[in-house]
Amino acid sequence: MPELTINTFPVNKLEFSDKTVYNDGCLSINNVELREMLLKEEGIRDVLINIARPGDSTRIVHVWDVIEPRTKTAGPGVIFPGWLGPPIGYGEGVIHRLSGMAVVTCTEFNSEGDKYTEQGEGIIDMSGPIAEMTPFSKINNLVIEFILDKKMNLDEQNKVVTRAGLKAAKYLADATVGKPAEKSEVRSIDKATPGLPNVVMIMVIAGSSPLLDTYVYGFSCVGIMPTFIHPNEMAEGALVACTGMVASPANTTYDFQNNPLIEKLYQHHGVRHNLAGVIIERGYAYEYNDKERLSAHAANLARFVKADGAIITSDSGGNIMVETMLACRECEKRGIKTALVLVEACGKDGTGLGLVDYVREADLIISVGNADAAINLPKMDTVYGGKNYIGTNLPGNFACDRILMDICGANSMLGTSRVRADDF
Amino acid sequence: MSKIAKTVYYMNQFFAGIGGEDKADQPPIAFEGAQGPAKLFAEMLGDKGTVVRTVVCGDNYFAEHQEEAIRDLLAMVKEAEPDIFIAGPAFGSGRHGMACAALSSAVAREMGIPAVTAMHPENPGVDMLKPPAYALPAEISAGTMKEVLTRMCAFALKLHAGEPIGPSREEGYLPRGLRLNRIDPLTSAERAVNLLWAKLEGRPYETEIPLPKHIDVAPPPPVEVSKARLGLVTEAGVVPMGNPDNLESWWATHWYSYSIDGLDGLTNETHCTVHAGFENTFMNEDPDRGVPLDMARELEKEGKIGKLADFYLVTTGMMMTTDNAQRIGREMAAHLKKEGIEAVILTST
Amino acid sequence: MIITALPGIPERIGCTRIVKGVAITNPVGDPRLPLAEEKNLRKRLLEKAISALEKKIDRTLIIE
């Protein structure tokens, strides 16, 4: 497979200006121009743009997605294929990324009255005790709040916000075109070192309904069979998030782009192991037999690339854990040693049963924490992304008792956060 | 520099020197100062503490009169105004372990002082030990008394000094069914890859989430359904249209009873689901897909079901905490029993 | 007894009489079938449930 070059342009300062320019770690943004560009999108009635910096007394609410600005500067295809161009991915060429920052898209969806599709809260605190629990408090965030034309159905609403957020992300990254990168990396996993164990990653991803799904090249992943996806395709934006039900254990687009597990597996490729592939498996199938079918197929794909070991991750929580555990069982049955990375559901006080489901073979599970844990959000000076906590009249910057599940990224199963639950 | 730790120590009749199995019905009794292993414990405390009272109870007495035993022993403990409480070690002895665990938990909870006991990890007392009390692991046999007491003493003094206590695997106490979040120096990505390498390379590894114990329940006796009163219960969140009692869609803490008297089935005009954990369309089209009333009626008419209850019970199971689920189950069971229901079909999503 | 599409979960927490249901979205129904067939399926599931209640068992019974 041809190589992908990733050029990194770090951002340590974000500011508004009359011109969008990247210079020496500082990204100046013409927010008027950006807003006008986004207002041209069908279905968007208004756009509010703000900057939230690490350490600010700022809370971001109603978060839909977190996206790292990227653009493609050479090679076939586009960045975010399926959204900003045809859904044809290549995973080759040259892409630019603005590190140390993200576009955070926020909106309040108009629910269709069906309880199953009610939006949950998504919060990022940029300072205070909760900030250390989310990786997104440590980067500069461009917060874009969208006010939608509510006449669309839920599926259309979230596609509008998603597309707009990705457009904004590309718009910002385009400021780096022609500039010298601080870091340039050529990514390939073609050459394997004989004698090393082969490792795969099996990512079980949400595929259920308009607010609980994952976009694969712009299409919902409901109904797909497990398949290989190349890390370079993921770097280009092949996988885009679609979770508005729970925040902390849900995979964001940022997690797919900057997947710490893949990063670490990649770093040691050819050195301590060979990264033989990444498999995505859709979770939340309605029937048990279907769950078995999907997980067995994922294990068969792993075996096809001669995997000796597999890291298995999950998404959001609930009955997707059945697929995740079955993937573990089917891998172990095929002689593939597994390590799972899972969120726990131990209740507000930590005394509940943490695992929704388990199999005997799951003898190595890494914890990303108890998402149900009770937390107290302190009062902040500012709130962006929305006015009040979802479904309430309480202003979002006020103190509030909530649970960790509301905090974006706190229990990410793709490896970002350091939250972990332990026996006390 | 903490003040001197006044200790009250609990043990069974055997360790107190009162007698063996023949004295297992010894009622609660208090001795001033240290008895039995408390003497060795007092030596270990040195100038950091004293054992002011030893309280004792026979293992059988405690097991057969648990409430009164705890009440009486607690009074004896409180009277001595201790700073710390020690119990056991119970080693492999089940009745002694349960008494040590129950009493330590009560002392810790009601008096707010450090309470430390010790027993073998598979002692049935371990499941009865509740925070804020602690139990340290011990061997089966009492031959390791000195070693266990040394650890108990160090740990109790640490609690007394108000030092922060880390997770069980770092501090050496037995897990208490309490999982708390902490920030780890490494990300889960780093830990996952490191641990997978250990597994692949044949080195020892330890899971961060131990699997729960399989729960074994003795199957209740069968029921002759054609002669019985049968109840329908569901966690599918199926409620009368309009959700009159506002049953929660997730994190539910309530359950409700709704009449099915005279109904031959549920329809999309009379009922709906409010469950947020699955695609509702199919169940809303026909709520019998969640509560099978239509065919239950038919089986009742055919005589295969003796009599259907004239109500069904409902809650919403999504994100329900374990303690709420257990409480709701117990309350539903009590209600069903009161209504003379002998068997239940529970539908779950 | 319990009817559920995910029999493993109640089995692990001590339920002893379990009948495997159709799907998470419709444990005792199947929207893909014509109505008469679906009612038949529901009746059969209930009959399995009744047979589980009437059976003397000394360990967990799962009926598929």
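Fair warning: this is a prediction, and the values are worked out from it, not measured in the lab. Note that these values count all heavy atoms, side chains included, but never hydrogens, waters or copies made by symmetry. Each chain gets a letter, A, B and so on, in the order the sequences are listed, and its residues count up from 1.
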Contact leader toward chain B among C:Leu6, C:Ile24, C:Thr4, where contacts are heavy-atom pairs under 4.5 Å: C:Ile24
Segment of B:Leu299 engaging chain C (4.5 angstrom heavy-atom cut-off): side chain
Euclidean distance, C:Thr60 OG1 relative to B:His214 NE2, rounded to 0.5 Å: 6.0 Å
Most contacts with chain B, counted as non-hydrogen pairs under 4.5 angstrom, among C:Pro31, C:Ala52, C:Gly21: C:Pro31
Name of the residue among C:Ile2, C:Leu45, C:Leu53 meeting side-chain contact (heavy atoms from CB on, under 4.5 Å) with B:Ile345: C:Leu53
Per-residue contact mode, C:Lys55 against chain B (heavy atom under 4.5 angstrom): backbone
Top contributor to chain C interface from B:Val223, B:Thr347, B:Leu346 [non-hydrogen pairs under 4.5 Å]: B:Leu346
B:Pro292 versus chain C, the contacting section by heavy-atom distance below 4.5 Å: both
Short N-O contact, C:Glu54 and B:Lys227, less than 4.0 angstrom: no
Pairs involving residues 26-38 of chain C, ordered by first then second residue, that meet side-chain hydrogen bond (donor to acceptor under 3.5 Å, both in side chains) (sequence neighbours left out): A:Glu287-C:Arg32, B:Arg289-C:Glu38, C:Asp30-C:Arg32
Heavy-atom neighbours of B:Glu122 CD exceed 12 at 6.0 Å: no
Proximal component of B:Pro220, with respect to chain C [non-hydrogen, under 4.5 Å]: both
Under 4.5 Å from any heavy atom of chain C - which part of B:Glu302: side chain
Option that, when pairs with chain C are counted at under 4.5 Å, heavy atom only, ranks first among B:Ile305, B:Val217, B:Val291, B:Asp288: B:Asp288
Max heavy-atom pair count under 4.5 Å with chain B, selected residue of C:Ile50, C:Val22, C:Ile9: C:Ile50
Pairwise distance CZ(C:Arg42) to CD(B:Glu298) - rounded to 0.5 angstrom: 10.5 Å
Structural part of B:Asp216 lying under 4.5 Å from a heavy atom of chain C: neither
Contact class of C:Arg59 relative to chain B, heavy atoms under 4.5 angstrom: backbone
Note: B:Asp286-C:Lys39 ion pair, threshold 4.0 Å (strictly below): no
Top contributor to chain B contacts, counting heavy-atom pairs under 4.5 Å, from C:Leu61, C:Ile57, C:Val28: C:Val28
Value rounded to 0.5 Å, distance of OG1 in B:Thr322 from CD1 in C:Ile13: 9.0 Å
Minimum heavy-atom distance B:Pro221-C:Arg17, with the two atoms named: C-NH2, 3.9 Å
